[in-house]
Amino acid sequence: MLERARRAKDLPKSFSSILGRFVPFPATANISAEQHGNGSLPSVVNSAVFHLETNLHGPTTRTFTGVPICAWDMKSKKPCNCTKSQCLKLYCDCFANGDFCSNCNCNNCYNNILHEIERFQAIKTYLDRNPEAFQPKIGKGKLGDIKPRHNKGCNCKRSGCLKNYCECYEAKVMCSSICKCIGCKNYEESPDRQTLMDLPHYSDTGKIALTCISWEVVEATCACLLAQGEEAEKEDCSICLAEQMILEEFGRCLSQILYSEFQSKGFQME
DNA sequence: GAGTTTGAAACT
DNA sequence: CAGTTTCAAACTC
């Protein structure tokens with residue numbers, strides 16, 4: 001995989017920029033609407049990447065544990081139910097996480113490849129307003145802090161920050177000094193919080209946290225996919241075949257990633 | 001499943 | 001920047 005990645009490093013910059021879509025925001029957002037719409041990007045790669053994004057639900061920066069250890073989450077993306085936002089506002093979780101909508105229950109959805117111009121325009125609008133609009137909400141906290149915290153803090157008034165209405169609680173992080181919540185019970189020594197934590201549903205049983213997907217691994221994977229896309233173009237393959245080749249390459253990369261992960265955790269692989 | 005509550009996002 | 005409205009998710013019944 002690394003050797004393939006090294007070869008792919010020599011690819012033209014435009015390829016790399018479009019595959020930036022394969023890594024989470026804000027890298028995705030670096031592509032302007034003009035760049036995207038000029039038709040110079042390889043449609044084969046473009047379309048395959050879209051399929052990867054929509055069918056595999058990755059990448060996403062939101063993790064169930066609230067600790068964005070890696071960009072990809074094993075958990076499937078939760079479908080949204082937007083009715084009025086066209087899924088192009090931050091109300092929409094899919095859009096806010098940098099995902100396309102897929103298998104959602106939304107109405108009049110524009111958060112898909114069919115409306116990419118509108119989608120990119122919306123992204124651009126938000127980034128102009130706030131360059132960190134698509135950054136993960138849970139960050140590491142102040143320099144030197146070990147524990148993660150909500151980057152903006154919450155403003156809860158009635159939930160005591162012990163219900164999923166609260167973004168801190170939902171992300172399983174403590175409220176911090178930047179929160180403006182009233183009647184907060186979401187702090188380390190809180191007896192109410194302790195009671196909730198003792199309930200069985202709180203713990204994430206059966207989940208596998210991927211810790212091995214570093215940026216280097218993501219980059220290497222993207223490089224492999226690019227190499228495959230380029231090869232497909234060189235051989236003048238049909239779009240369908242090219243997509244298949246890229247997807248198969250992705251499968252191989254994924255296998256290797258999971259293999260390394262399981263090995264590092266001491267699981268026996270068949 | 002329908003209705004209510006909640007708080008973030010958007011708007012004024 | 002503060003107050004209000006809109007929105008979608010969480011929650012309750």
Side-chain angles (χ1 to χ4, degrees), chain A residues 24-26 28-29 33 54 57-58 60-68 73-112 115 117-141 148-187 190 192-205 207:
Chain A
F25 285 118
T28 307
T54 49
H57 308 310
T60 171
T61 49
R62 172 172 287 193
T63 65
F64 193 74
T65 58
V67 185
D73 192 345
M74 291 289 282
K75 188 163 67 80
S76 289
K77 180 177 79 62
K78 205 173 57 175
C80 73
N81 300 290
C82 307
T83 56
K84 298 185 176 180
S85 65
Q86 298 179 313
C87 300
L88 287 188
K89 296 197 170 186
L90 295 174
Y91 293 128
C92 174
D93 273 352
C94 303
F95 180 74
N97 288 332
D99 294 324
F100 284 99
C101 283
S102 73
N103 301 321
C104 292
N105 309 310
C106 40
N107 286 334
N108 197 20
C109 179
Y110 276 51
N111 186 27
N112 52 45
H115 297 89
I117 301 299
E118 292 92 337
R119 183 174 185 267
F120 272 94
Q121 190 53 56
I123 290 168
K124 193 171 180 301
T125 304
Y126 280 111
L127 286 173
D128 286 346
R129 196 187 300 169
N130 172 18
E132 295 180 2
F134 295 97
Q135 293 282 3
K137 287 179 176 174
I138 307 301
K140 272 276 165 74
R149 67 170 190 180
H150 196 287
N151 283 330
K152 284 173 66 184
C154 69
N155 299 287
C156 307
K157 292 179 178 67
R158 307 172 72 97
S159 65
C161 303
L162 286 184
K163 293 193 171 183
N164 282 329
Y165 297 128
C166 173
E167 291 201 346
C168 300
Y169 179 81
E170 187 186 26
K172 305 280 186 285
V173 300
M174 301 295 126
C175 287
S176 68
S177 54
I178 54 171
C179 292
K180 299 186 189 77
C181 40
I182 297 167
C184 180
K185 295 171 181 167
N186 184 28
Y187 55 93
S190 163
D192 295 289
R193 184 182 148 274
Q194 208 57 50
T195 310
L196 270 173
M197 278 178 66
D198 290 341
L199 295 174
H201 66 79
Y202 191 89
S203 60
D204 293 342
T205 48
K207 278 191 186 303

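Values reported hereafter were calculated over all heavy atoms of this structure, with side chains retained and with hydrogens, waters and symmetry mates removed. Computed from a predicted model, the values in this text were never measured in an experiment. A, B, ... follow the sequence lines: proteins, then strands. Residue 1 opens every chain.
- Here Cys87(A) contributes atom SG and Asn108(A) contributes atom CG; the two are 8.5 Å apart, rounded to the nearest 0.5 Å.
- Here side-chain hydrogen bond (donor to acceptor under 3.5 Å, both in side chains) pairs that include residues 80-89 of chain A, with residues two or more places apart or in two chains, are Asn81(A)-Asn105(A).
- Asn164(A) meets the side chain to side chain contact (heavy atoms under 4.5 Å, CB included) test with Tyr169(A), Glu170(A); sequence neighbours excluded.
- Residue contacts for Cys154(A): at a heavy-atom cut-off of 4.0 Å it reaches the sugar-phosphate backbone alone, with no base atom in range.
- Partners of Asn186(A) by side chain to side chain donor-acceptor pair (under 3.5 Å), not counting sequence neighbours: none found.
- For Ile178(A), the side chain to side chain contact (heavy atoms under 4.5 Å, CB included) criterion is met by Arg149(A), Ser176(A), not counting sequence neighbours.
- Applying the ring-ring contact (aromatic ring centres under 6.0 Å, His included) rule to Tyr110(A) yields the partners His115(A); only residues at least two apart in sequence or on another chain are considered.
- Take Asp128(A) and apply the side chain to side chain contact (heavy atoms under 4.5 Å, CB included) test, not counting sequence neighbours, and it matches Lys124(A).
- The main-chain N or O of Asp99(A) is found under 3.5 Å from a side-chain atom of Asn111(A) such that the two form a donor-acceptor pair.
- You'll find the side chain of Lys185(A) stays beyond 4.5 Å of the side chain of Arg193(A), heavy atoms only.
- You'll find the side chain of Thr125(A) reaches within 4.5 Å of the side chain of Arg129(A), heavy atoms only.
- Taking every heavy atom of residues 179-187 of chain A and every atom of DNA chain C, no pair lies under 4.0 Å.
- Bracketed by its first and final contacts, the part of DNA chain B lying under 4.0 Å from non-hydrogen atoms of chain A reaches from dT5(B) to dC11(B) in 5' to 3' order.
- Both Lys163(A) and Ser85(A) lie near DNA chain C, and the one whose nearest nucleotide falls closer to the 5' end is Ser85(A).
- Using a 4.5 Å heavy-atom threshold, the side chains of Cys94(A) and Cys104(A) count as touching.
- Overall, the helix from dG1(B)-dC13(C) to dT12(B)-dA2(C) carries an axis bend of 0° between its ends, with five pairs at each end and the value rounded to 10°.
- For Lys163(A), the side chain to side chain contact (heavy atoms under 4.5 Å, CB included) test picks out Ser159(A), Tyr165(A), with sequence neighbours left out.
- For DNA chain C, the contact window with chain A, defined by any atom under 4.0 Å from a protein heavy atom, covers dT6(C) to dT12(C) in 5' to 3' order.
- For Tyr126(A), the ring-ring contact (aromatic ring centres under 6.0 Å, His included) test picks out Phe95(A), with sequence neighbours left out.
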